[in-house]
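Reviewing the structure listed below.
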Amino acid sequence: MDSFLIEGGVPLKGSITVSGSKNAALPIIMAAIAVDDEVSYTNVPDLRDIKTTIKLLNILGRETTLDSGRATVKNGELGIEAPYDLVKTMRASVLCLGPLLARRREARVSLPGGCAIGARPVDQHLSAFEKMGARFDLDHGYIYGSCPDGLKGAHIRFDFPTVGGTENVLMAACLAEGETVLENAAREPEIVDLANFLNSCGARIEGQGSTVIRVQGVERLHGCEYAIMPDRIEAGTFLVAAGVTGGELLLKNCPLDDMSAVVDKLRSAGMIIEETPEGVLASCGEGGLKCVDVNTRPHPGFPTDMQAQFMVLLCCAEGSGLVQENIFENRFMHVQELVRMGADIHVTGSTALVRGGRRLTGAPVMASDLRAGAALVLAGLAAEGETLVQRIYHVDRGYERLADKLSAVGANIRRVKEED
Ligand code: EPZ
């Protein structure tokens, strides 16, 4: 397993181009299952999770290739099974359930395990599909779903705005008979991107980005070429990198309109973030960084996927701040590793009290999940001395060429292959 070796203390300076969004590309490429045609995509990030999605599409009979940011999904006879060996590496594989039920009227998908940040069940997905006429059996760790008479439009009300649940049902509803209303739908920008893709294929979706989405079912979806939106979480991670290293970064292709909650918080913590004709310029204000409180919320609130990264900024800021994680039950795995680097953080339930104003010191640390890994890289960049971030396969899931991008703006970071 590879690691990142980082010598901290270098203020980052220069420009970084933000890649295509992992959390938009995953459902949008998976949605090709619902399309009875060839589909192509541009601005596709080269990530482990994208490779896993492509592997799944190939297993399902849709020959798919990715080459320099362009993915092509050929048409073909659809299978119905998403195997355990693949689903266990990426829970988002469960997003094939909706399109398979819609197109094949049956699906056999391995029940996704939990992961480091929580149990992450899919009960909201299944109860929505049951309202649309599907029936499910759980056998030998697989969900077997069938709807022999096809899916029927229904009025779905989610108990809470689940991102994956909204995406899964949205893809299925495009081909269901009649109208489907999704109430208490998630409002993430990646869902808007998915709906825009599906509409480009002939779907009839309205209300995406609001809490009520209406879908009129159609007979079939035709192919198109679609550009994936930029990654707001990768962009937010680089904004924090500018802050914690005391540098200045220009981010190109930065989806600022989708990042208000993060940008507002960073500005209130003392960062200067401004839109220029070349891109978004980020640096520390004269007065340095000061701690603020943060609560993770569904979009348009502060994203849980930026919680770990923001905590590193608080460690480097004056004063103290409270971090409240409201989405996942176990998303503080990075805390113990940051404490080993000298951070002063105390966790009580879903709240972490961060006392800043101390210089982090480099140490060997271990990534436990994607965003925890990204946070440890940021901590290494800020720390005095050397940090070895281990198990960076977690980071490779969601950050394209991270070490290259950071080295290009002055970071002293390199990938270290595991000793043979
Ligand atoms: C998506 O996960 C993202 N993944 C996550 O990003 C992100 O953290 C999350 O949304 C919240 O914004 C992708 O888009 C591929 P949810 P998802 O359904 O769809 C519970 C990253 O770092 N829940 O909104 O799984 C669940 O356990 C990743 O890029 C149920 O209880 O998120 C969790 O506590 C991590 N029952 C909460 O809701 C369900 O049926 C949020 O889940 C579904 C979810």
Side-chain angles (χ1 to χ4, degrees), residues 1-12 16 19 22 45-49 89-90 115-117 231 233-247 249 304-316 323 328 330-345 347 352 354 356 358-420:
M1 286 182 262
D2 294 359
S3 304
F4 280 142
L5 186 61
I6 302 166
E7 183 65 39
V10 178
L12 303 185
I16 296 180
S19 298
K22 166 180 88 80
D46 184 9
L47 301 169
R48 262 185 74 217
D49 277 4
T89 66
M90 185 182 76
C115 70
I117 59 179
D231 194 316
I233 305 299
E234 184 199 22
T237 305
F238 289 132
L239 292 178
V240 172
V244 299
T245 61
L249 289 177
T304 173
D305 293 348
M306 276 298 301
Q307 179 257 104
Q309 300 92 307
F310 196 80
M311 192 181 278
V312 176
L313 187 120
L314 295 182
C315 293
C316 304
V323 178
F328 288 103
N330 185 29
R331 204 169 195 175
F332 283 144
M333 306 281 276
H334 44 287
V335 168
Q336 280 323 305
E337 298 303 290
L338 292 173
V339 165
R340 295 185 56 248
M341 295 177 73
D344 180 350
I345 308 171
V347 173
V354 182
R358 302 162 67 159
R359 181 80 194 274
L360 295 175
T361 52
V365 290
M366 192 173 289
S368 51
D369 57 85
L370 167 55
R371 305 303 173 182
L376 294 175
V377 171
L378 293 173
L381 294 172
E384 175 273 320
E386 185 176 277
T387 298
L388 183 72
V389 182
Q390 299 166 51
R391 297 191 179 177
I392 53 162
Y393 62 87
H394 289 291
V395 182
D396 292 337
R397 298 186 61 161
Y399 290 87
E400 186 179 43
R401 295 183 302 99
L402 184 60
D404 297 343
K405 289 189 177 185
L406 291 171
S407 308
V409 290
N412 186 336
I413 177 173
R414 66 186 174 87
R415 180 182 286 266
V416 174
K417 298 276 179 204
E418 183 178 4
E419 298 305 327
D420 300 332

**Report entry** Taking every non-hydrogen atom, the tightest pair across V244 and A382
**Finding:** O-CB, 3.5 Å

**Report entry** Under 3.5 Å: donor-acceptor pair, side chain of R340, backbone of P364
**Finding:** yes

Report task. Heavy atoms only: give me the nearest L388-S3 pair and the separation to one decimal. Result -> CD1-CB, 3.7 Å

Query raised in the report: For the side chain of R48 and the backbone of V395, is there at least one donor-acceptor N/O pair under 3.5 Å apart?
Result: no

Query raised in the report: Would you call L338 and L376 a side-chain contact if the rule is heavy atoms closer than 4.5 Å?
Result: yes

**Report entry** Pair listing, salt bridge (charged side-chain N to carboxylate O under 4.0 Å, His left out) test, anchored in residues 379-399, at least two apart
**Finding:** D49-R397, D396-R415

Requested in this report: Find out whether V323 and F332 are in side-chain contact, i.e. whether some heavy atom of one side chain is under 4.5 Å from a heavy atom of the other.
Outcome: yes

Query raised in the report: Do M306 and V240 have side-chain heavy atoms sitting under 4.5 Å apart?
Result: yes

Query raised in the report: Rounded to the nearest 0.5 Å, what separation is found between the NZ atom of K22 and the CD atom of E234?
Result: 12.0 Å

**Report entry** Nearest-0.5 Å distance, NZ of residue K405 to CD1 of residue I413
**Finding:** 13.0 Å

Requested in this report: Would you name the heavy atoms of P45 and S19 that are closest together and state the gap between them?
Outcome: CB-CB, 4.4 Å

Report task. Answer whether the closest heavy-atom distance between the side chains of V377 and L406 falls below 4.5 Å. Result -> yes

Query raised in the report: What distance separates H394 NE2 from M366 CE, expressed to the nearest 0.5 Å?
Result: 9.0 Å

Query raised in the report: Quick one: does L378's side chain get under 4.5 Å of F238's, heavy atoms only?
Result: no

Query raised in the report: Looking only at heavy atoms, which two atoms of G342 and L360 are closest? And how far apart?
Result: C-CD2, 4.2 Å

Requested in this report: Work out which heavy atom in G398 is nearest to a heavy atom in L370; give both atom names and the distance.
Outcome: N-CD1, 3.6 Å

Query raised in the report: Near R414 CZ, under 6.0 Å, is it more than 12 heavy atoms from other residues, nucleotides or ligands?
Result: no

Quick one: side chains of residues 308-315, donor-acceptor pairs under 3.5 Å with protein atoms, not counting sequence neighbours, listed by atom name and distance.
| from | atom 1 | to | atom 2 | distance (Å) |
| --- | --- | --- | --- | --- |
| Q309 | NE2 | T237 | OG1 | 3.2 |
| Q309 | NE2 | D305 | O | 2.9 |
| Q309 | NE2 | Y399 | OH | 3.3 |

Query - Backbone N/O of L381 and side chain of T245: donor-acceptor pair under 3.5 Å - result: no

Query raised in the report: Taking the side chain as C-beta and beyond, is there a heavy-atom pair between R331 and R371 under 4.5 Å?
Result: yes

Query raised in the report: Which heavy atom of G410 sits nearest a heavy atom of V10, and at what distance?
Result: O-CG1, 3.2 Å

Query - Value rounded to 0.5 Å, distance of CE in M341 from OG1 in T387 - result: 3.5 Å

